[in-house]
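Structure record follows, encoded as C-alpha cells.
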Amino acid sequence: MIYLDYQATTPIAPEARDAMLPWLGGPEAAGFANPHSPHRPGRAAAAAVEFAREQVAGLLPPGGRVIFTGSATEALNLAILGSGAKRLAVSAIEHAAVLDTARWVQPDARILPVDRDGVVDGAADLKGLDLVAVMQVNNEIGTVQPIDTLAAAAHREGALFLCDAVQGAGKIAPPASADMIALSAHKLYGPKGIGALWVRDGIALTPLIHGGGQEQGLRSGTLSPALCAGFGAAAVLARDRAEADAAHIDALWHRARELLSRWTLNGSPDRRWRGNLNIRLDGLDVARLMSDLRDIAFSAGSACASGSGRPSHVLTALGLNPKEAKSSVRLGFGRYSSYREIEDACARIEAAAAAQGV
Ligand code: PLP
C-alpha cells in the first residue's frame, strides 16, 4: 500500500508513539492515574500534561494559552461559539468545521470568495463583523492564505480573527497575527483524538462543555495524558524537522509534477504547501481510477466530501465547473513518503488514466 492521503491524516511518528506508552500504563504500571487527582501519581500525570502543553505552545505565538480539546473540530467550535460572535465572515474554502459552525450561528454568514488560484482577497470587505475566520493552509488544494493582511483588516474593523492552522501547524510559521488558532495532533504526526485551541491573552471565551472545570474552566472532562504526551512529542519533532521535512516534500513534489506533467494543477503553484498535489485531467473517471488502484490510498477531494457525490465546495469556489471538480484527485505526501513510492504511484496513476483514454 502506498499512502498518499497526508491531508486526511498522517502516520504517527515513532517518537510520538513512544512518548505515549508510559501513560497508557496497565494495573502494574504507574502512568494510568487521573491527571486531575491530587495524589502523587495523579500529580505526575498532570505534570506530563503540562509538559506537553509547553511543547505544543512551541508551535504557537507567544502571549496566549493552549487549551486541549478532543479534535480541531472541537477547538474551532469552542472558538466560534465560545466567542459569542454573532456577525461572522469565513472564507469559501474553509473546512466544514468552520463553515458549518459559522452557519449554525448565522445562517447568512458572510462568505469571502477566493480567486482562481484559491487565495482569499486580502482587500475583502470585513465591515460590521465580530469574527473573521480564514484557514492558514487549505486541506484540499494546499493554498496558503494571506493571514497577516486579513487579520490586520479584521482588527481594524474591531473583529476577532480565528485561524484554522490544522494543515499548516508544524510545517510553516504560525499565524502570529491571529487571536485564536486551532490545531490537530493527527495532522502533524501525532495521535488522533486530540486537538488544541490557542487563545491570545485577554480574550474571554464561554465554555461549551460543562462539568469538572478542567482546561481552565473551558473544557470539562478528564484529559488523556497519553494523547497529550503524543501531541507534545509530535509538536517538538515537527519544529525540529520543519526544514528537513519541507526539503524532502519539495523534492517529492517536483518529481510528481514531472511525472504527471500533462495534468492541470488546482490552486496556486506558488502560494501552497507542496505536500498537497491536487490535479485534474479532463474526462477522468476518478471513481474508476480509484478502483483500478486500490493499493494506492489517495483522495478524490477532501476526505469529508468524498463519497458524498457532490463536487467539492473548494474546487467549485475556484471557479471549476462540476465536471472539472469531479475529474480531480488529491495526492498528499509527507515525512514518511519515499521518492520511490511517489515514482511508482505517479507512473501507475498516469498509466491507469491513459487506459481510460483520457
Ligand atoms: N480543519 C482542517 C483544515 C482539516 O483538514 C481538518 C481535518 O480534516 C479539520 C479542521 C478537523 O480536524 P479534526 O480531525 O482534528 O477534527
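Order of appearance sets the numbers: ligands from 1, and atoms from 1 within every ligand. Treat the numbers as computed from the prediction; the structure is a model and nothing was measured.
Arg53 and Glu215 are joined by a salt bridge, as a carboxylate oxygen and a charged side-chain nitrogen come within less than 4.0 angstrom of each other. Classification of Asp115 and Arg271 as a salt-bridged pair fails, no side-chain N sitting under 4.0 Å from a carboxylate O.
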Under 3.5 Å, sequence neighbours excluded: what are the donor-acceptor pairs made by side chains of residues 34-42?
{"residue": "Asn34", "atom": "OD1", "partner": "His36", "partner atom": "N", "Å": "2.8"}
{"residue": "His36", "atom": "NE2", "partner": "Leu223", "partner atom": "N", "Å": "3.1"}
{"residue": "His39", "atom": "ND1", "partner": "Gly42", "partner atom": "N", "Å": "3.1"}

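Within ligand 1, the atoms closer than 4.0 Å to a non-hydrogen atom of Met135 are 3 (C), numbered from 1 in the order shown. Numbered from 1 in the order shown, with element, the atoms of ligand 1 that lie under 4.0 Å from a heavy atom of Gln167 read 3 (C), 4 (C), 5 (O).
The nearest non-hydrogen atom to atom 1 (N) of ligand 1, considering only Ile194, Val98, Asp164, Thr9, comes from Asp164. Of the candidates Glu94, Gln7, His95, His95 brings a heavy atom nearest to atom 4 (C) of ligand 1.
Looking at ligand 1, you'll find an N or O of Ser184 within less than 3.5 Å of one of its N or O atoms. Between Ala72 and ligand 1, at least one pair of N/O atoms sits closer than 3.5 Å.
You'll find the ring centres of Tyr336 and Tyr3 outside the 6.0 Å limit.
Contact annotation: for Lys192 versus ligand 1, there are no heavy atoms closer than 4.0 Å. Counting heavy atoms under 4.0 Å from ligand 1, residue Lys187 touches it through the side chain alone.
The CZ atom of Arg87 lies 4.0 Å from the CG atom of Asp130; values are rounded to the nearest 0.5 Å.
The shortest side-chain heavy-atom distance between Leu218 and Leu197 does not fall under the 4.5 Å cut-off.
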